[in-house]
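Residue numbers start at 1 and run along the sequence shown.
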Amino acid sequence: MSDLITPGLVALDVHLGTTAHDVITHLANQITAQGRATDAAELAGHALAREAKTATGVPGGIAIPHCRSAAVTAPTLAMARLADPVDFGAKDGPADLVFFIAAPEGADKDHLKLLSRLARALVKKSFTAALREAQSNQEIVDLVSEVISDAPAAPAPAPADEPAAAGPAAAQRPKVVAVTACPTGIAHTYMAADALAQAAQELGIDFAVETQGSSGATPLDPALIRDADAVIFAVDVDVRDRGRFAGKPVIQVPVKRGVDEPAKLLADAVAASTDPQARRVPAASAQESADTAESKKESFGGGLKRALLTGVSYMIPFVAGGGLLIALGFLLGGYAITDVADAYLGENTLWNLPDAGLAAYLGAAAFKIGSLSMGFLVPALAGYIAYAYADRPGIAPGFTAGAVAGFMGAGFIGGIVGGVIAGLACRWINSWPVPRWLRGLMPVVIVPLLGSIIASGLMFLVLGGPIARLTVALNDWLSGMSGVAAAGLGLILGLMMAVDLGGPVNKVAYSFAVAGLGAGSLVENPAPLMIMAAVMAAGMVPPLAMALATVIAPKLFSGAERENGKAAWLLGAAFISEGAIPFAAADPLRVIPASMVGAGVTGSLIMVFNVVSQAPHGGIFVFFAMNNTWPFFLLATVIGTVISALLVIVLKKFVRKAPAAQVQPAAAQSAGVAA
């Protein structure tokens, strides 16, 4: 693996400028000149952006600028020994040894392991001394090649299953575990790990570390975590499976402090282990961690659910902004604005207003912006479904498949199908074993190209037509619903909105409404707009009902619940179903059934009254998005609120007669959950 660095990538005793920017730019040019990158400016830009996040200077006169970049064609090390040291942000002064680590975006783990070995070696004084004494470029190459070929992958301390010292004294030694991680996962992750390990050995501390870097991570033995007195998180990114450390005293700092101040961090961790007031890893995430560990091999159904919810979550801002702007256009320009908006915007300006005046012109602008935003609904849905499966390489194929679905009239169903196909195809393509020289092209060229061909090709040639016919049939069925059928659908949606108050079932109902919103229109297809209104009104009922119940029968609720009731008025009015969670947490067997009954009634009434909403969120504050049906929206919401409020009062008063002393702790606990 010595091809990571060659004599042509080494510069000894040179003057490369007075700033880190100068040195990085020169080394990027050197890498490009050696045929290891396609664009020196792009490579330097990525490295400088990384430098801006965290300075890469480390103690001992060393700097390790590094980055991932699509401009890099092969994992590369470029080294400069500077005649005039340059400041790279280290506390002990400027650097005279600079290693530029350049990794392709799709670098394989074998090369990343070698790069991480170099980073670890740079904390060893004997290695850096040899670099300063080397007389030729080839000698530098030999030194580096020896380190990255032979260095052990594990950090300095003894293996986790072997005690660091024998005898009775070992039992008295403090036990500390750590996690190190940086955004690129190449250099600081491993340097911090080894710096902490060396300091722990000098301080007589039993120590184990987990490096969550690009070359992979081996999780700490659960027994080590269990026995640890404290934990150090030296990280610039989220710690994976943080819940494993639940309850442990924790010192959390940027990863660079693990390199600069390892002894101080260990001393702080030992001190925290005996301090009852020390910060601790929250226990709430422990179950979350266990769930994550169990779901590493995700089922197809679980993956599909996660992908759909991801797609909807990224799609909602397009719909929310677009829907509200369309509604604002109607408010300013009237409902006839749909026919004249293009003409107003094409033929008029603010200084040449149409005959209808300023309000109509602004209404046309708002309507057009909203319509264009809504046009991204299906592509965004498909793009981010694919992203959930294949990360960034899936976005372009997913968006393209979504655009094809829109072109063919396949609607949001086609977007879902296209997004799933694009995501799975990209994930499959990215798993291909390809030559090292091709890995850099995979995420930016190969995967998007082939993923787009597969997903969009299938949509055009095979799936688009049948899905379009299915979409037309579904729209016809929804548009033709009336009476019992419409009321039944509203009932089901209302029950789903209240059963878990913002949980998965609630999100499924909301996602169904939002996904169909783009196909709705006031004249030709109002059914999706009615579904949106039903979901929004039903979701408002639980918090409003709990707020009303605390006013009607305050003695049935604790002081904390009555305070929560005051906030629930605003939360409910704004369509934030989670406003009822404190009440449900304290008394789920009464609050949730009562909420479901009222929400179900409201959903049914919305469909019966033919209420529409062109906005996906906002509650009563987006009444102007409901055409002239907003009084019926309010009526249905009030009826459901009253039903749920009276029902919860009856259940609390007659079904369970618990002493107030029993209610108070639960309520207090629920207030804590809400906070």
Side-chain angles (χ1 to χ4, degrees), residues 1-14 23 27 55-66 75-83 85-86 88-103 110-158 180 182 184-202 207 209 211 213-215 234 255-256 258-263:
M1 293 295 183
S2 59
D3 61 342
L4 285 171
I5 184 169
T6 64
L9 293 168
V10 178
L12 295 182
D13 305 319
V14 292
V23 177
L27 291 176
T56 56
V58 296
I62 302 166
I64 316 175
H66 56 279
T76 299
L77 302 176
M79 184 267 190
R81 192 169 68 194
L82 303 178
V86 171
F88 274 80
K91 289 187 176 181
D92 64 343
D96 65 326
L97 294 179
V98 181
F99 273 88
F100 190 143
I101 302 178
D110 289 338
H111 281 95
L112 291 172
K113 286 180 180 178
L114 298 180
L115 295 173
S116 69
R117 287 179 181 176
L118 171 71
R120 282 176 157 165
L122 288 172
V123 302
K124 299 177 181 178
K125 294 180 180 179
S126 60
F127 178 63
T128 55
L131 292 174
R132 289 189 171 95
E133 293 170 3
Q135 299 301 309
S136 67
N137 291 14
Q138 185 59 51
E139 191 175 348
I140 294 288
V141 171
D142 293 341
L143 286 168
V144 172
S145 299
E146 181 181 356
V147 167
I148 63 178
S149 298
D150 299 329
T180 60
C182 68
T184 54
I186 297 174
H188 284 84
T189 298
Y190 303 96
M191 296 185 71
D194 277 10
L196 287 166
Q198 290 182 22
Q201 192 171 21
E202 295 171 2
F207 179 79
V209 61
T211 53
S214 295
S215 61
V255 68
K256 194 168 186 296
V259 182
D260 295 340
E261 304 172 338

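Side-chain atoms of Thr56 and His66, non-hydrogen and from C-beta on, do get closer than 4.5 Å to each other. A 4.5 Å side-chain heavy-atom check between Ile5 and Thr76 finds every atom pair outside the cut-off. Under the 4.5 Å side-chain criterion, counting only non-hydrogen atoms from C-beta, Pro262 is in contact with Leu196.
Of all heavy-atom pairs between Gly60 and Arg132, the closest is O-NH2, 2.7 Å. In plain terms, the two heavy atoms of Pro7 and Val141 that are nearest each other are N-CG2, 3.5 Å. Closest non-hydrogen pair, Ala263 versus Ala199, comes out as N-CB, 3.9 Å. The shortest non-hydrogen separation linking Gly61 to Asp96 is O-OD1, 2.9 Å. Scanning all heavy atoms of the two residues, the minimum distance from Thr211 to Ala193 falls at CG2-CB, 3.4 Å. Here the closest heavy-atom approach between residue Ala95 and residue Ile62 is recorded as CB-C, 3.7 Å.
The only member of Asp142, Leu12, Thr6 that meets side-chain contact (heavy atoms from CB on, under 4.5 Å) when paired with Asn137 is Leu12. Put simply, the residue from Val144, Val98, Leu97 that forms a side-chain contact (heavy atoms from CB on, under 4.5 Å) with Met79 is Leu97.
Remark: side-chain polar atoms of Glu133 are not paired, donor with acceptor, to backbone N or O of Leu131 under 3.5 angstrom.
Judged purely by distance below 3.5 Å, without hydrogens or angles, the side chains of Asp194 and Gln198 never pair a donor atom with an acceptor atom.
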